[in-house]
Amino acid sequence: MRFHRVNVVFLVFLLCLNWTWAQEKNGGYDESKFAEETDEQSEINDNRQKNISPDIWTELKELRDMVIKQEVDLTLEASLSSSEKKVEELSRENAVLEARLSSSETEVEELKRENAEDLTKCEKCFNKPMNKRPKVAFSFGLSDAGRIGPFNTDITLKFTKVFTNFGQAYNPNTGIFTAPVRGVYYFRFSAMNSNVNGPLGVQVYLNGKRVSWNYGRDSNWYGRATNAFIFQLEKGDVVYLVLPVGYDIFDHNYNVTTFSGFLLFPV
C-alpha cells in the first residue's frame with residue numbers, strides 16, 4: 001500500500017513535469033512568435049514613420065515659409081501705407097509751397113511793373129545826363145550895414161553878399177529868385193535882429209502871395225528866426241523875403257542873416 005502511494009506520487013510528479021515542460025515549450029514558441037510579430041510591427045511602424053516624417057517636415061517647412069511670407073507681405077504693406085501717407089503729406093506741403101511761390105512770383109511781377117512805371121516817370125529826372133540838367137543853386141548874405149529897419153512899409157529884402165549863384169537865378173538887385181525851369185526847389189533862410197526891445201519879422205512870398213510869417217523876439221538877447229521850404233515851381237515863378245512894416249533885421253560881417261536855395265530836380 002505504501003509502495004503504491006509512492007508510485008502514484010511519482011507518476012503525478014512525472015505528469016507535472018511533463019505538463020510543465022509542455023507549457024514551457026508552448027510558452028517559448030509564443031514569445032518567439034510574439035517577438036517576431038513585434039519586430040514586424042516595429043518595422044512597419046518605422047517604415048510608416050520614415051514615410052510619414054518627410055511629409056510632415058515638408059508641410060511644416062511650407063507652413064513656416066508661408067508664415068514668413070505673410071509677415072514680409074504685412075511688413076511691406078505697412079511700409080507702403082506709411083510711404084503713401086508720407087507722399088501725401090509731401091504732396092500737400094508741395095502744393096502749399098507752390099501756392100506761396102506763385103503768390104511771391106505774382107508780387108514780384110507787380111513790383112517789377114511798379115518799378116518800371118516809376119523808372120519811366122523819373123526817366124527825365126535821373127536818366128538825363130548831368131551836363132544837360134540845369135544847375136541852380138544860390139546862397140547870399142544880407143549886408144554888412146548892421147541894423148536895417150524898421151520902415152513904414154513892407155520892403156523886399158535884397159541879399160547882396162554873394163556866396164554862390166549857379167544859374168544866376170537869384171537877382172541881388174531886386175532880391176527876387178526866379179525859377180529858370182519847372183521843378184522842385186529847396187529854400188532856407190536864417191535871420192537875426194539887434195534890437196532887444198524890437199521884434200524880428202520875416203515873411204516868405206511866392207508869386208506875390210505870402211506863404212509864411214516868421215517872428216522872433218528875445219528881451220535879453222538878439223531875436224532870431226529860421227525856416228525852410230520845398231516848393232514845386234513852374235518856370236518863371238518867383239520867391240522872395242519881405243521885412244514887414246515896423247520890424248527890423250540885422251547883419252554884418254558875421255553873416256548872421258542869410259538866404260539860400262537850389263533845384264532838387266526838374267519835373
Nearest 0.5 angstrom please: [X] [atom1] to [Y] [atom2], how far?
{"X": "Lys85", "Y": "Glu89", "atom1": "NZ", "atom2": "CD", "answer": "9.0 Å"}
{"X": "Ile155", "Y": "Leu241", "atom1": "CD1", "atom2": "CG", "answer": "11.5 Å"}
{"X": "Arg92", "Y": "Leu97", "atom1": "CZ", "atom2": "CG", "answer": "13.0 Å"}
{"X": "Tyr205", "Y": "Thr156", "atom1": "OH", "atom2": "OG1", "answer": "8.5 Å"}
{"X": "Asn227", "Y": "Trp213", "atom1": "CG", "atom2": "CH2", "answer": "13.0 Å"}
{"X": "Met192", "Y": "Arg224", "atom1": "CE", "atom2": "CZ", "answer": "5.0 Å"}

>> Does atom CG (Asn253) have a neighbourhood of more than 12 heavy atoms from anything else shown, all under 6.0 Å?
In response: yes

>> Tell me if the CZ atom of Phe163 is crowded by more than 12 foreign heavy atoms within 6.0 Å.
In response: yes

Indicate the atoms forming the closest heavy-atom contact of [X] with [Y], along with that distance.
{"X": "Ala191", "Y": "Ile249", "value": "CB-CD1, 3.8 Å"}
{"X": "Ser190", "Y": "Thr226", "value": "OG-OG1, 3.4 Å"}
{"X": "Ser212", "Y": "Asn214", "value": "OG-ND2, 3.0 Å"}
{"X": "Tyr240", "Y": "Gly208", "value": "OH-CA, 3.3 Å"}
{"X": "Leu142", "Y": "Thr160", "value": "O-OG1, 3.0 Å"}
{"X": "Ala169", "Y": "Val136", "value": "CB-CG1, 3.9 Å"}

> Does Val87 offer a backbone N or O that forms a donor-acceptor pair with the side chain of Ser91 under 3.5 Å?
Replying inline: yes

> Is there a donor-acceptor contact under 3.5 Å from the side chain of Asn207 to the main chain of Val238?
Replying inline: yes

>> Evaluate Ile148 against Asp251 for side chain to side chain contact (heavy atoms under 4.5 Å, CB included), listing each step before the verdict.
In response: CA-CA 8 Å; Ile148 299 174; Asp251 194 16; 6.0 Å; no

>> Listing request: all side chain to side chain donor-acceptor pair (under 3.5 Å) pairs with a residue in residues 257-267, at least two apart in sequence or in separate chains.
In response: Ser139-Ser260

> Any side chain to side chain donor-acceptor pair (under 3.5 Å) pairs touching residues 161-170, not counting sequence neighbours?
Replying inline: Asp144-Lys161, Lys161-Asn255, Asn165-Gln168

>> In the structure I gave you, are the side-chain heavy atoms of Phe187 and Leu206 within less than 4.5 Å of one another anywhere?
In response: no

> For the hydrophobic clusters of this structure (ILVMFWY residues joined by side-chain heavy atoms under 4.5 Å, transitively), does one cluster hold both Val242 and Val245?
Replying inline: no

>> I'd like to know if Val181 and Ile176 are part of one continuous hydrophobic network [Ile/Leu/Val/Met/Phe/Trp/Tyr, side-chain heavy atoms within less than 4.5 Å].
In response: no

> After noting the C-alpha distance and the side-chain angles of Val204 and Phe189, does the key distance pass the side chain to side chain contact (heavy atoms under 4.5 Å, CB included) rule?
Replying inline: CA-CA 9 Å; Val204 180; Phe189 75 87; 3.8 Å; yes

>> Tell me whether the rings of His252 and Tyr254 are parallel (<30°), tilted (30 to 60°) or perpendicular (>60°).
In response: perpendicular

Centroid separation under 6.0 Å, is that true for the rings of [Y] and [X]?
{"X": "Phe177", "Y": "Phe259", "value": "no"}
{"X": "Phe138", "Y": "Phe159", "value": "no"}
{"X": "Tyr186", "Y": "Phe262", "value": "yes"}

> Could you go step by step and tell me if Val267 and Val184 meet the side chain to side chain contact (heavy atoms under 4.5 Å, CB included) rule?
Replying inline: CA-CA 7 Å; Val267 294; Val184 178; 4.1 Å; yes

>> If you apply the rule side chain to side chain contact (heavy atoms under 4.5 Å, CB included), what do you find for Phe231 with Val211, and how did you get there?
In response: CA-CA 11 Å; Phe231 296 136; Val211 295; 3.9 Å; yes

